[in-house]
Number of protein chains: 2
Amino acid sequence: MTVTTENPHINGVDTATLFATLDAVKGQPEIAGFQFRAANTWISGTHSRSTFAGFFGATQEMEHKSVTEVDSDHPAVLVGQDEGPTPVEYVLHAIAACLTAGVANVAAARGVRLDKVTSTVEGDIDLLGIFGMSDGTVRNGYEQIKVTFHIEGDADPETLRGIVEQSRRRSAVYDVLTSPTPVVIDVVTG
Amino acid sequence: MTVTTENPHINGVDTATLFATLDAVKGQPEIAGFQFRAANTWISGTHSRSTFAGFFGATQEMEHKSVTEVDSDHPAVLVGQDEGPTPVEYVLHAIAACLTAGVANVAAARGVRLDKVTSTVEGDIDLLGIFGMSDGTVRNGYEQIKVTFHIEGDADPETLRGIVEQSRRRSAVYDVLTSPTPVVIDVVTG
């Protein structure tokens, strides 16, 4: 592909390594088995903190280059101390970040240079669900999540929209939200 | 409830305000309509940053007491620069933080003093899905998410397990993951 040879780091994406990685996975599909992890500690009230350190992937234990900590809490109006964004807001970050990473990769693979990609995510939720005050018609989670992308790049609008659509089709977080994901909860006491 | 009068801040939860809030919602259900938001900006490659500033709730626009920024990226093994946790890792934080906040609230409402609550979350994902290399049998998202709680408090194991179970039943993030959530994506180019 001439384009990727001429622009090995278009959009900050190392396309040569990206394609080499995909080739490696084709030759050894078991390296695609990953396990991501978070460790959470309750602090007080609705405030807790998670750390992200290691994960399993490409047949081995791996470490992030640095450990990240994030805090979550409920705002005062929901009887928290507002020591961080709510858990449901992190879900909005996750879908934006996942789609955006895909946009950059897909655009690079298609030889499209991006100038700017921003997005806003809005999640509508009726708290009658989690308050246990609905007659069963109000769900606990978001009724809808809306992502609005603003994209500028050296391609026509149709091409840019096609890049977002391809990112959606291959988005892990989009799939986790729109299709049921099994969640198992174990409790150890003592 | 004698217990909550004696322990107005058990587990750091202001139970009097919590119950007053629930009463207020019962009297005026429209205050339960919330919209949470994130604003994301692409930085380079698979690296992007989200900010959480305001939200709508209790019939008005509200601001967090401080703006939080979080970064996301892919690790080097997935051709990123590892400038932050992956988007899918934030999903693991979200479920842990949501369930933990609920555990603290439910325990406080039930008069159970918690000493320690930690959890680990593991999400198994086969990247053949997002790489587009499966025959349609591998999904893009997590095959399973497993949350393991370690809880210590002044109650028997059955009571502590019941608190986690009630938190699960009222968890927004648990619902978002386990039941389909509509995600709408708009694209503005220019």
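Naming: A, B, ... by sequence-line order, numbering from 1 per chain. What you see is a predicted model; the values in this text were computed from it and never measured.
- Note: I145(A) CD1 to I185(B) CD1 = 10.5 Å, rounded to the nearest 0.5 Å.
- Within the 4.5 angstrom heavy-atom criterion, atoms from both the backbone and the side chain of D126(B) approach chain A.
- Using a 4.5 Å cut-off between heavy atoms, S134(B) makes no contact with chain A at all.
- For chain B, the option among T21(A), V70(A), T51(A) with the highest count of heavy-atom pairs below 4.5 Å is V70(A).
- Proximity of W42(B) to L114(A): side-chain heavy atoms (C-beta onward) are separated by under 4.5 Å at one or more points.
- With chain B as partner, the option from R168(A), R37(A), M62(A) having the largest number of non-hydrogen pairs under 4.5 angstrom is R37(A).
- Ranked by heavy-atom pairs under 4.5 Å with chain B, the first of N11(A), N40(A), T46(A) is N40(A).
- For T17(B), the parts sitting under 4.5 Å from any heavy atom of chain A are the backbone and the side chain alike.
- Using a 4.5 Å heavy-atom threshold, the side chains of L22(B) and M133(A) count as touching.
- Listed by chain and residue number, K65(B) satisfy the salt bridge (Lys or Arg N to Asp or Glu O under 4.0 Å) test with E83(A) (two or more places apart in sequence, or in another chain).
- Checking T178(B), D175(B), L99(B) one by one against V183(A), the side-chain contact (heavy atoms from CB on, under 4.5 Å) holds for a single residue, T178(B).
- For the set T120(B), V91(B), V25(B), I31(B), the count of heavy-atom pairs under 4.5 angstrom toward chain A peaks at V25(B).
- Both the backbone and the side chain of A39(A) come within less than 4.5 Å of a heavy atom of chain B.
- Among L128(B), V164(B), L160(B), the residue making the largest number of heavy-atom pairs under 4.5 Å with chain A is L128(B).
- Ranked by heavy-atom pairs under 4.5 Å with chain A, the list D115(B), D156(B), I43(B), L18(B) is led by L18(B).
- With rounding to the nearest 0.5 angstrom, the CZ atom of F36(A) is 9.0 Å from the CG atom of L92(B).
- In this structure, the side chain of N140(A) engages the main chain of R169(B) through a donor-acceptor pair within 3.5 Å.
- If you tally non-hydrogen atom pairs under 4.5 Å between each of T68(B), V67(B), D71(B) and chain A, the highest count goes to T68(B).
- When all heavy atoms of V88(B) and A172(A) are compared, the closest pair comes out as CG1-CB, 3.6 Å.
- Only the side chain of V79(B) comes within contact range of chain A, judged by heavy atoms closer than 4.5 Å.
- Proximity to chain B (any heavy atom under 4.5 Å) is shown, for H93(A), by both the backbone and the side chain.
- Both I163(A) and V147(A) belong to a common hydrophobic cluster when Ile, Leu, Val, Met, Phe, Trp and Tyr are linked at side-chain heavy-atom distances under 4.5 angstrom.
- Clustering ILVMFWY residues whenever any of their side-chain heavy atoms sit less than 4.5 angstrom apart, transitively, puts F19(A) in the very cluster that holds V77(B).
- For chain B, no part of F56(A) is nearby; none of its heavy atoms comes within less than 4.5 Å.
- Counting heavy-atom pairs under 4.5 Å between each of S119(B), S72(B), G129(B) and chain A puts S119(B) at the top.
- By the 4.5 Å heavy-atom criterion applied to side chains, T86(A) and F55(B) are not counted as neighbours.
- In this structure L127(B) satisfies the side chain to side chain contact (heavy atoms under 4.5 Å, CB included) test together with A32(A), F34(A), L78(B), I125(B), I130(B), F131(B), sequence neighbours excluded.
- D124(A) touches chain B through backbone and side chain together, each having a heavy atom under 4.5 Å away.
- The shortest heavy-atom contact between A104(A) and G45(B) is CB-O, 3.0 Å.
- In this structure, H47(A) NE2 and T100(B) OG1 are separated by 11.5 Å, a value rounded to the nearest 0.5 Å.
- Using a 4.5 Å cut-off between heavy atoms, P85(B) contacts chain A through both its backbone and its side chain.
- The aromatic rings of F52(A) and Y90(B) lie tilted to each other, with the angle between the two planes from 30° to 60°.
- Counting heavy atoms from C-beta outward, L177(A) and V176(B) have side chains that approach closer than 4.5 Å.
- Between R139(A) and S179(B), the closest side-chain pair of non-hydrogen atoms falls below 4.5 Å.
- Contacts with chain A were tallied for E152(B), H64(B), H150(B), E143(B); H64(B) has the most, counting heavy-atom pairs under 4.5 Å.
- Interface remark: P75(A) contributes side-chain atoms only to the contact with chain B (heavy atom separation under 4.5 Å).
- Note that the OG atom of S50(A) and the CD1 atom of I95(B) stand 11.0 Å from one another [nearest 0.5 Å].
- Atoms CZ and CG, from F149(B) and D186(A) in turn, are 11.0 Å apart once rounded to the nearest 0.5 Å.
- Put simply, of D82(A), T189(A), I151(A), T148(A), the one with the most heavy-atom pairs under 4.5 Å next to chain B is D82(A).
- Summarising the geometry of S44(A) relative to G12(B), their closest heavy-atom pair is OG-CA, 3.4 Å, with the distance given to 0.1 Å.
- Atom CZ in R49(B) sits 14.5 Å away from atom OG1 in T118(A) (nearest 0.5 Å).
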